[in-house]
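The block underneath contains the structure these notes are about, expressed in structure tokens.
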Amino acid sequence: YRCISADKSFVAHYLQQGLMLNFLPHYVGYDNAMERLKAHWAVYKEVVGEVPMTALSLRYVDRIDIPCPEGDLDLNKYFTIVSKLPDGLAAHHCYQQYWLNDRDGDIKARVIWSSLDNLPGHFSFALDTEAILDPANIMDPLEAWTRFDDLHAWCWHVFDHSLTDTCKKLFK
């Protein structure tokens, strides 16, 4: 089953193999999202019964619109996660994917940096970060909510270390 809010800022997918929630612009923040997840999990459990959470995942897709500079765009001025282009070459479309591991825990992150269709007067990119705990095998929802906090912290860590201070100022 798929449920969409009236303002189309929220989509819930109820599947036999799990529950997936999507928060679209305008994102209301992690705390509000977790409250909604807890409510939907309670409904999901009523339908499927007591089942373990075998995997947890938290994903953020951030759109980054950089005003067109005079001359060439220096990607290294905005991103720490992208490969350096050889001198004299310019990229038309970009896509890079990384799998990163949390050294202190059992969380993995799939990080995709890619170009998007440009907004007028901008170069547009996506930073797509998904933190994953798999296998999880969690029966206690309180443990799951704590582990979602861990996933959130890891997503923030990856986001924070993937962008330069110049790029982060674009979000303010």
- request: Would you check if the side chain of His161 reaches a backbone N or O of His157 as a donor-acceptor pair within less than 3.5 Å?
  value: yes
query: What's the spacing between Leu116 CG and His93 NE2 if we round to 0.5 Å?
result: 10.5 Å
- prompt: With the 4.5 Å side-chain cut-off for hydrophobic clustering, are Trp113 and Leu170 part of the same group?
  reply: yes
task: State, to 0.1 Å, how close Leu21 and Ala12 come at their nearest heavy-atom pair, and which atoms those are.
output: CD2-CB, 3.5 Å
task: Give the C-alpha distance, both sets of side-chain angles, the deciding distance and a yes or no for side-chain contact (heavy atoms from CB on, under 4.5 Å) between Thr80 and Thr164.
output: CA-CA 6 Å; Thr80 61; Thr164 66; 3.8 Å; yes
- prompt: Should the pair Asp128-Arg59 be classified as a salt bridge under the 4.0 Å nitrogen-to-oxygen rule?
  reply: yes
Any side-chain donor near an acceptor of the partner, Asp65 and Ser124, under 3.5 Å: yes
- request: Give the minimum heavy-atom separation between Pro52 and Asn137, together with the two atoms involved.
  value: CB-OD1, 3.5 Å
field: Separation between CD of Glu70 and CG of Asp72, rounded to the nearest 0.5 Å
entry: 11.5 Å
message: I want to check something: taking the side chain as every heavy atom from C-beta on, are Leu100 and Arg110 in contact at a cut-off of under 4.5 Å?
response: no
- request: Specify the closest pair of heavy atoms between Asp7 and Ser9, including all atoms of both residues, with the distance to one decimal.
  value: OD1-OG, 2.7 Å
Closest non-hydrogen atom pair, Lys8 against Leu24: O-CD1, 3.6 Å
- request: Considering only NZ, NE, NH1 and NH2 on the basic side and carboxylate oxygens on the acidic side, decide whether Arg147 and Asp140 come within less than 4.0 Å.
  value: no
Glu35 side, atom CD; Tyr30 side, atom OH - distance, nearest 0.5 Å: 10.0 Å
- prompt: Does the side chain of Gln96 come under 3.5 Å of the side chain of Ser114 through a donor N or O and an acceptor N or O?
  reply: no
task: If the plane angle is over 60° it's perpendicular, under 30° parallel, otherwise tilted; pick one for Phe23 and Phe10.
output: tilted
message: Using salt bridge (charged side-chain N to carboxylate O under 4.0 Å, His left out), reason through Lys168 and Asp160 one step at a time and then give a plain yes or no.
response: CA-CA 8 Å; Lys168 291 174 196 172; Asp160 191 47; 2.6 Å; yes
statement: d(Asp150 CG, Cys155 SG) to nearest 0.5 Å is 11.5 Å
message: Please say yes or no: joined through hydrophobic side-chain contacts below 4.5 Å, possibly via intermediate residues, are Tyr98 and Leu163 part of one cluster?
response: yes
query: Using the ring of each side chain (for Trp, its six-membered ring), is Tyr60 parallel, tilted or perpendicular to His152, with breaks at 30° and 60°?
result: tilted
- prompt: From Ser57 OG over to Leu151 CG, what is the distance, rounded to the nearest 0.5 angstrom?
  reply: 7.5 Å
task: Could you state whether Val43 and Trp145 fall into the same hydrophobic cluster, counting links through intermediate Ile, Leu, Val, Met, Phe, Trp or Tyr residues with side-chain heavy atoms under 4.5 angstrom apart?
output: yes
message: Under a 3.5 Å distance rule, please check whether Ser115 uses its side chain to pair with a backbone N or O of Cys94 as donor and acceptor.
response: yes
message: Please check this pair: side chain of Tyr44 against backbone of Gly18, looking for a donor-acceptor N/O pair closer than 3.5 Å.
response: yes
- request: Report yes if the side chains of Lys45 and Pro141 come closer than 4.5 Å at any heavy-atom pair, otherwise no.
  value: yes
field: Verdict with supporting geometry, Thr129 and Val61, side-chain contact (heavy atoms from CB on, under 4.5 Å)
entry: CA-CA 6 Å; Thr129 306; Val61 181; over 6 Å; no
field: Aromatic contact, Phe79 with Phe125 (centres under 6.0 Å)
entry: yes
query: Among the clusters formed by ILVMFWY side chains lying less than 4.5 Å apart, do Phe171 and Val82 turn up in the same one?
result: yes
- prompt: Side chains of Leu119 and Arg63: does their closest heavy-atom pair fall under 4.5 Å?
  reply: yes
message: Just verifying a value: how many Å separate Asp102 CG and Ile132 CD1, rounded to the nearest 0.5 Å?
response: 13.0 Å
query: Taking side chain as C-beta onward, heavy atoms only, is Lys108 less than 4.5 Å from Asn101?
result: yes
query: Do Tyr27 and Asn32 have a side chain donor and acceptor closer than 3.5 Å?
result: no
- request: Decide yes or no on side-chain contact (heavy atoms from CB on, under 4.5 Å) for Tyr78 and Asp165, but give the supporting numbers first.
  value: CA-CA 8 Å; Tyr78 296 92; Asp165 288 339; over 6 Å; no
- request: Give the minimum heavy-atom separation between Phe148 and Met34, together with the two atoms involved.
  value: CB-CE, 3.7 Å
message: Give me the atom names and distance for the closest heavy-atom approach of Cys68 to Phe123.
response: SG-CE1, 3.9 Å
query: Between Tyr14 and His40, how do the two ring planes meet: parallel, tilted or perpendicular, split at 30° and 60°?
result: tilted
query: Within a reach of under 6.0 Å around NZ of Lys77, are more than 12 heavy atoms found that belong to other residues, nucleotides or ligands?
result: no
message: Before you tell me yes or no, could you show the steps for Val111 and Leu127 under side-chain contact (heavy atoms from CB on, under 4.5 Å), namely the whole-Å CA-CA distance, both residues' side-chain angles and the distance that decides it to 0.1 Å?
response: CA-CA 7 Å; Val111 182; Leu127 182 63; 3.9 Å; yes
- prompt: Transitively linked via ILVMFWY side-chain contacts under 4.5 Å: Val51 with Leu56?
  reply: yes
query: Are Gln97 and Tyr95 linked by a side-chain donor-acceptor pair shorter than 3.5 Å?
result: yes
